Participant: 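Before I ask anything, let me first share the structure, which is written out below as structure tokens.
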Amino acid sequence: MIPAALAAAVDAAEAAPLDRAVALIRPFMTDIGWFEALLAAEIQAMAGDPRYLPGFRASRQGGTRHLVLARTERIWLTASLLDGGQAPSDRVHFSGRLSLCRPLNGPLAGDVWRLEGERAVVVGTRSCAAGATIELDERREALCLRPADAPLMLLRAQIAPVGPVQARIHDRSDGRAIASAQADEAHARTLMLLSLLRLQGRRDAAGQFGQALDAPLPGQRWAVMREYLALDTQRALPALRAMARRDADATVRGLAARTLRQVEGEPCPA
């Protein structure tokens, strides 16, 4: 497991404003003695017991493998191994987070892209020596790594701002936008719990559904409303009427108005 000092910093950063959260995590990217000790301990444990499995989640995407060292709603800390000889991606990804990246076994270099209006443009290049840390505001910047002949190992921290995170994908050939998505992990988890309550028929928990209608993302507000209607249609009707009249998003207002007409069998009062 990660050391107690890092775990405490992650917990504190989770509730802190973005600048403070970055400041709390940055020292653990500058001095990685904790990471070296962690690797040594895990290697020793595997050498002593062939059935031993480290207690970290691992994933793989193409030629890139990740070991998740810590993950909360806002703080992601991973060790990644990029295979050598990978073809460059034809996509530019803006994660919506602030990134601290430290190459461990060799330098990295890449092209820096920046959002200008609705397009991504190349604004230069950046390089980072092994043992140094490169910082990127991935709400508006992205670094597309150049292919390397040898594998590259990275230690990376990504810190999200408070509230929904806006991620974007652009085409590398011309900078045009391909996809955009907003995510709010806290409300996504809330929606999962509401779905379980609805499946259990827990009408006594209807008040929780009403409280969750303050979700910051339009799609999440509508998803909560659907769960609320499925649990207790009559109790959800006042909130549905209010949504049809006053929701900040036009699409949500339209969905609520159409549903209200279906439920009441008469023109929407909105």
Side-chain angles (χ1 to χ4, degrees), residues 10-11 13-18 21 57-61 66 68 70-76 78 91 93-97 118 138-139 158-170 177-270:
V10 169
D11 286 344
E14 179 68 20
L18 182 59
R57 187 174 66 185
S59 65
R60 179 167 188 163
Q61 184 176 11
H66 303 286
V68 181
R71 177 164 179 175
T72 66
E73 291 174 13
R74 294 181 57 210
I75 314 298
W76 298 357
T78 57
R91 300 288 188 263
H93 180 225
F94 298 89
S95 73
R97 298 168 179 266
E118 295 301 316
E138 294 180 350
R139 293 172 295 180
Q158 289 181 286
I159 301 101
V162 177
V165 173
Q166 176 86 42
R168 304 171 186 269
I169 298 176
H170 289 248
I178 296 175
S180 176
Q182 283 187 309
D184 188 304
E185 292 200 15
H187 282 276
R189 185 161 53 249
T190 297
L191 181 58
M192 179 184 68
L193 295 173
L194 294 179
S195 297
L196 290 173
L197 290 171
R198 188 261 302 169
L199 288 170
Q200 295 171 357
R202 293 287 304 276
R203 293 191 175 188
D204 59 312
Q208 303 300 317
F209 288 72
Q211 293 176 20
L213 287 169
D214 67 351
L217 300 181
Q220 289 178 336
R221 291 196 297 276
W222 181 241
V224 170
M225 177 55 74
R226 289 193 304 176
E227 295 289 350
Y228 197 2
L229 288 166
L231 176 73
D232 191 333
T233 303
Q234 288 302 315
R235 190 164 179 179
L237 273 176
L240 182 64
R241 294 189 186 102
M243 180 176 279
R245 291 192 302 268
R246 298 193 299 266
D247 193 89
D249 184 80
T251 299
V252 171
R253 290 198 304 272
L255 289 168
R258 185 162 63 248
T259 302
L260 191 59
R261 288 193 293 271
Q262 293 171 348
V263 171
E264 295 188 326
E266 58 186 28
C268 172

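We use all heavy atoms of the structure for the numbers below, so side chains are in, but hydrogens, waters and symmetry mates are not. As the structure is a prediction and not an experimental result, all values here were calculated from the model.
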Participant: Ignoring hydrogens, what is the shortest heavy-atom contact between Ala167 and Ser95? Give both atom names and the distance.
Facilitator: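 That closest heavy-atom pairing would be CB-O, 3.9 Å.
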Participant: Roughly how far, to the nearest 0.5 Å, is CZ of Arg139 from CZ of Phe94?
Facilitator: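 Output value for this atom pair is 13.0 Å.
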Participant: Would you check, one step at a time, whether the test side-chain contact (heavy atoms from CB on, under 4.5 Å) holds for Glu138 with Gln158?
Facilitator: CA-CA 9 Å; Glu138 294 180 350; Gln158 289 181 286; 3.3 Å; yes
Participant: Only counting residues at least two apart or in another chain, list the ones meeting salt bridge (Lys or Arg N to Asp or Glu O under 4.0 Å) with Asp232.
Facilitator: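 Here no residue qualifies.
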Participant: Checking Arg168 now: which residues fulfil side-chain hydrogen bond (donor to acceptor under 3.5 Å, both in side chains) with it, not counting sequence neighbours?
Facilitator: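 None.
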Participant: Measure the spacing between CG of Leu197 and CD of Gln200 and express it to the nearest 0.5 Å.
Facilitator: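 If I round to the nearest 0.5 Å, the distance is 6.0 Å.
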Participant: Tell me, please, which residues at least two apart from Gln208 pass side-chain hydrogen bond (donor to acceptor under 3.5 Å, both in side chains).
Facilitator: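 side-chain hydrogen bond (donor to acceptor under 3.5 Å, both in side chains) check on Gln208 returns nothing, list empty.
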Participant: For Ala242, enumerate each residue passing the side-chain contact (heavy atoms from CB on, under 4.5 Å) test, keeping only those at least two apart in sequence or located in another chain.
Facilitator: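 Only Arg245, Arg246 meet the side-chain contact (heavy atoms from CB on, under 4.5 Å) criterion with Ala242.
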Participant: I need the minimum non-hydrogen distance between Gly96 and Pro161, along with the two atoms involved.
Facilitator: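 Smallest heavy-atom distance, with atoms named: O-CD, 3.4 Å.
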Participant: Quick one: closest heavy-atom pair of Ala16 and Ala21, and the distance?
Facilitator: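 Answer, listing the atom of Ala16 first, then Ala21: CB-N, 4.0 Å.
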Participant: In chain order, what residues pass the side-chain contact (heavy atoms from CB on, under 4.5 Å) check against Arg57, with sequence neighbours excluded?
Facilitator: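 With sequence neighbours excluded, Arg57 shows a side-chain contact (heavy atoms from CB on, under 4.5 Å) to Val68, Arg71, given in chain and number order.
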Participant: If the condition is side-chain contact (heavy atoms from CB on, under 4.5 Å), which residues does Ala160 pass it with, not counting sequence neighbours?
Facilitator: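 With neighbours one apart ignored, the set is Arg74, Arg97, Val165.
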Participant: Would you say CZ of Arg91 has more than 12 non-hydrogen atoms from neighbouring residues, nucleotides or ligands within 6.0 angstrom?
Facilitator: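 It does: Arg91 CZ has more than 12 such atoms within range.
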Participant: For the side-chain contact (heavy atoms from CB on, under 4.5 Å) test, which of Val224, Leu199, Leu231 pairs with Leu194?
Facilitator: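 Considering Val224, Leu199, Leu231, a side-chain contact (heavy atoms from CB on, under 4.5 Å) with Leu194 is found only for Val224.
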Participant: Taking side-chain hydrogen bond (donor to acceptor under 3.5 Å, both in side chains) as the test, write out the residues that go with His66, two or more places apart.
Facilitator: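 With neighbours one apart ignored, the set is Ser80.
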Participant: Going by the side-chain hydrogen bond (donor to acceptor under 3.5 Å, both in side chains) test, which pairs reach into residues 221-230, not counting sequence neighbours?
Facilitator: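 As it turns out, the side-chain hydrogen bond (donor to acceptor under 3.5 Å, both in side chains) pairs with a partner in residues 221-230, which skip direct neighbours, are Ser195-Glu227, Arg198-Glu227, Arg221-Asp247.
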Participant: Hey, could you give me the CE/CG distance between Met243 and Leu260, rounded to the nearest 0.5 Å?
Facilitator: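 These two atoms lie 11.5 Å from each other.
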Participant: Which pairs of donor and acceptor atoms, one on a side chain in residues 233-240, lie under 3.5 Å apart (sequence neighbours left out)?
Facilitator:
{"unit_1": "Thr233", "atom_1": "OG1", "unit_2": "Leu229", "atom_2": "O", "d": "2.7"}

Participant: Considering residues at least two apart in sequence or located in another chain, which fulfil the side-chain hydrogen bond (donor to acceptor under 3.5 Å, both in side chains) criterion with Asp214?
Facilitator: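 With neighbours one apart ignored, the set is empty.
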Participant: Using the test side-chain contact (heavy atoms from CB on, under 4.5 Å), find all partners of Arg60 that sit at least two apart in sequence or belong to another chain.
Facilitator: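 Listed in chain order: Arg65, Asp83.
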